[in-house]
Every structure is written in structure tokens, then in C-alpha cells.
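Report on the following structure.
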Amino acid sequence: MEAIEVVLENLPFLLLGAWDTLKLTFFSVLIGLILGTFIGMGRLSKLKVINIPSTVYVEFLRGTPLLVQISIVYFGLPQLGIQLEAYPAAIVALGLNSGAYIAEIVRAGIQSIPKGQYEAARSLGMSHFQTMRYIILPQAFKNILPALGNEFITLTKDSSLASIIGVTELMRRGQFVITRTFQTFSIYFGIAIIYFVMTFTISRIVRVVEKRMEIA
């Protein structure tokens with residue numbers, strides 16, 4: 001009972017960390033979505049000057065641990081003259097990492113659209129940009145919405161790694177509570193429950209949006 005009381009007493013403090021976790025994830029996914037859209041299209045470009053850098057970006061970010069990427073952005077960049085506070089550094093690192101995964105999702109989404117639609121749009125006089133903007137990408141994003149939802153959920157959990165550079169998200173706040181109460185199991189279990197509630201809620205919201213887009 002004492003362990004439960006400790007969790008309940010510190011719940012408002014932990015929920016503030018959960019809110020910071022959601023904000024951290026939102027801004028990271030936003031950066032990842034913008035980057036991933038352009039990088040994903042770059043991966044399909046026939047121009048080597050665009051395709052090769054896009055491929056290198058995706059392979060490098062997917063082939064290195066997120067923990068290392070966060071360390072490079074926060075601890076490494078200051079040696080190159082770029083100093084970021086912990087919170088912006090975490091957003092940048094998570095956003096760059098997410099961009100690589102979303103790029104592959106976007107690439108798969110574009111490839112799922114029949115080539116005939118692209119050719120038909122071009123035959124109507126649309127430029128490549130107009131075809132992608134008005135014909136291909138809207139359909140591609142509709143197809144990849146479940147995968148984007150999974151990426152949002154994955155990044156919500158991965159954001160706990162930001163605690164190593166001092167970002168006071170949910171995990172970090174939990175560590176603060178543990179140092180005061182020494183209730184390791186109950187606090188970590190409470191954190192796990194809060195993460196579960198967040199990811200379950202996100203998955204339900206994505207499901208609702210997905211169904212509405214199917215109807216539309």
C-alpha cells in the first residue's frame with residue numbers, strides 16, 4: 001500500500017513529465033515528417049546528386065543507435081561551435097532520427113500509387129511538383145497513416161532516452177522521485193503505466209482518423 005501511495009502522491013509531478021514527453025514527441029515527429037517527406041521523394045529521384053545523399057542519410061540514421069545520435073547533437077556539436085540546450089537538442093536528435101524512418105514510409109507510400117496516375121497527371125499538363133502535390137502525396141499519406149501512427153508511438157517511447165541529457169520528461173521526473181523515495185519498482189511501474197496510457201490513446205486516435213479518411 002505504501003508503494004501505491006507514493007505513486008499517487010507523485011502523480012501530478014509525473015503527469016507534468018508525461019505532458020513534456022508528448023510535446024517532445026510532437027515537435028520531433030513534425031520535424032521528422034517534413035524531413036521524411038523530402039528525403040523520401042529524394043530516395044525515388046533518378047538524379048544521383050539527390051538520390052545518393054538521401055540514401056546515405058536514411059542508412060546512417062537507421063544504422064546508428066538513437067542514444068548515440070542524441071549524444072552527438074548535445075555533447076558533440078558544441079565542439080563544432082553549435083550549442084543547443086537539452087530540450088532543443090533532444091527535439092533535433094529525435095526529429096532527425098524520425099526523418100529517416102518516415103522517409104522510408106513515404107517512399108513506400110509513393111510507390112504504392114499506380115504509375116498510371118502520375119502519367120495521367122503529366123499528360124494533363126501538370127508539372128512534376130504539381131503532380132506530387134495534388135495527386136500522388138495526398139493518396140500516399142492516406143495509405144501510410146497507420147505506419148505514421150506507429151512511428152509516433154515508437155518515438156513516444158524512445159523519447160525516454162532524452163533523460164540522459166537532462167530533459168525533464170516523464171522518465172527523468174520518475175528518476176527524481178526515486179532518489180527521494182527509493183520506491184524503485186512502484187515508480188518505474190507507474191511510469192510504464194503512464195507510457196502505456198499515452199501510446200494506447202495515440203493508437204486509438206490514429207485509428208479514428210484512419211476510419212474517417214476511409215469514409216472520405
Quiz: residues 59-70 side-chain donor-acceptor pairs under 3.5 angstrom, not counting sequence neighbours:
residue, atom, partner, partner atom, Å
Thr64, OG1, Phe60, O, 2.9
Thr64, OG1, Gln69, NE2, 2.7
Gln69, OE1, Asn97, ND2, 2.9
Gln69, NE2, Leu61, O, 2.8
Gln69, NE2, Thr64, O, 2.9

For residues 145-156, please give each side-chain donor-acceptor pair under 3.5 Å, one per line with the distance, not counting sequence neighbours.
residue, atom, partner, partner atom, Å
Glu151, OE2, Ser98, OG, 3.0
Thr154, OG1, Asn150, O, 2.9
Thr156, OG1, Phe152, O, 2.8

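Interatomic distance, OG1 of Thr184 versus CD of Gln175, reported as 11.0 Å (0.5 Å rounding). Note that NZ of Lys142 is 15.0 Å distant from CG of Leu137, once rounded to the nearest 0.5 Å. Atom CG of residue Leu30 and atom OG1 of residue Thr25 lie 12.5 Å apart, to the nearest 0.5 angstrom. Atom CD1 of Ile110 is separated from atom CD1 of Ile105 by 12.5 Å, given to the nearest 0.5 angstrom. The distance from atom CG of Asp158 to atom OG of Ser28, rounded to the nearest 0.5 Å, is 10.5 Å. Here Ile191 contributes atom CD1 and Glu169 contributes atom CD; the two are 8.5 Å apart, rounded to the nearest 0.5 Å.
Residues meeting the side-chain hydrogen bond (donor to acceptor under 3.5 Å, both in side chains) test with Glu119, sequence neighbours left out: none. Not counting sequence neighbours, Phe129 has no partner by the ring pair (Phe, Tyr, Trp, His ring centres under 6.0 Å) test. Considering only residues two or more places apart in sequence or on other chains, Tyr118 meets the ring pair (Phe, Tyr, Trp, His ring centres under 6.0 Å) condition with His128.
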Test side-chain contact (heavy atoms from CB on, under 4.5 Å) applied to Leu35 and Ile102, step by step: CA-CA 8 Å; Leu35 272 177; Ile102 292 179; over 6 Å; no

Derivation and outcome, side-chain contact (heavy atoms from CB on, under 4.5 Å), residues Arg107 and Ile39: CA-CA 9 Å; Arg107 181 174 67 86; Ile39 298 293; over 6 Å; no

Test side-chain contact (heavy atoms from CB on, under 4.5 Å) applied to Gln117 and Gln139, step by step: CA-CA 11 Å; Gln117 295 199 26; Gln139 297 182 76; 2.5 Å; yes

Check against side-chain contact (heavy atoms from CB on, under 4.5 Å), Leu22 and Ser159: CA-CA 9 Å; Leu22 288 175; Ser159 66; over 6 Å; no

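Considering only heavy atoms from C-beta on, Ser71 comes within 4.5 Å of Ile164 through its side chain. By the 4.5 Å heavy-atom criterion applied to side chains, Asp20 and Arg173 are counted as neighbours. At least one side-chain heavy atom of Met198 sits under 4.5 Å from a side-chain heavy atom of Leu170. Residues Val92 and Leu77 are not in side-chain contact: their nearest non-hydrogen atoms beyond the backbone lie 4.5 Å or more apart. Residues Val7 and Phe189 fail the side-chain proximity criterion, which asks for heavy atoms closer than 4.5 Å. Counting heavy atoms from C-beta outward, Leu44 and Gln111 have side chains that approach closer than 4.5 Å. Under the 4.5 Å side-chain criterion, counting only non-hydrogen atoms from C-beta, Ile50 is in contact with Ser54. By the 4.5 Å heavy-atom criterion applied to side chains, Phe141 and Ile144 are counted as neighbours.
Residues Asn143 and Ser112 bring a donor and an acceptor atom of their side chains to less than 3.5 Å of each other.
Cluster membership for Leu80 and Ile165, using ILVMFWY side-chain heavy atoms within less than 4.5 angstrom, is shared. Ile193 and Val177 end up in different hydrophobic clusters when Ile, Leu, Val, Met, Phe, Trp and Tyr side chains are linked at under 4.5 Å. Linking Ile, Leu, Val, Met, Phe, Trp and Tyr whenever their side-chain heavy atoms come within less than 4.5 Å leaves Tyr101 and Leu24 in two separate clusters. Cluster membership for Ile82 and Phe75, using ILVMFWY side-chain heavy atoms within less than 4.5 angstrom, is shared. A single hydrophobic cluster is not seen to contain both Leu16 and Met171; linkage of ILVMFWY side chains at heavy-atom distances under 4.5 Å, directly or through other members, places them apart.
No side-chain donor-acceptor contact under 3.5 Å links Ser45 to the backbone of Asn51. With Glu85 contributing its side chain and Tyr87 its backbone, the two residues share no donor-acceptor pair below 3.5 Å. Side-chain atoms of Tyr57 come within 3.5 Å of backbone atoms of Leu96 as a donor-acceptor pair (strictly under, hydrogens ignored). Looking at Glu5, its side chain never comes within 3.5 Å of a backbone N or O of Leu8 through a donor-acceptor pair.
A 6.0 Å sphere centred on CZ of Arg207 holds no more than 12 heavy atoms belonging to other residues, nucleotides or ligands.
Here ring pair (Phe, Tyr, Trp, His ring centres under 6.0 Å) pairs that include residues 8-46, with residues two or more places apart or in two chains, number zero.
Here the closest non-hydrogen pair linking Pro78 and Gln83 is CB-OE1, 3.5 Å. Nearest heavy atom pair, residue Lys157 against residue Tyr195, reads CA-CE2, 4.4 Å. Across every non-hydrogen atom of Ile194 and Ala18, the tightest pair is CG2-CB, 3.8 Å.
The residues Arg43 and Glu104 are annotated as salt-bridged, a charged nitrogen and a carboxylate oxygen being separated by less than 4.0 angstrom.
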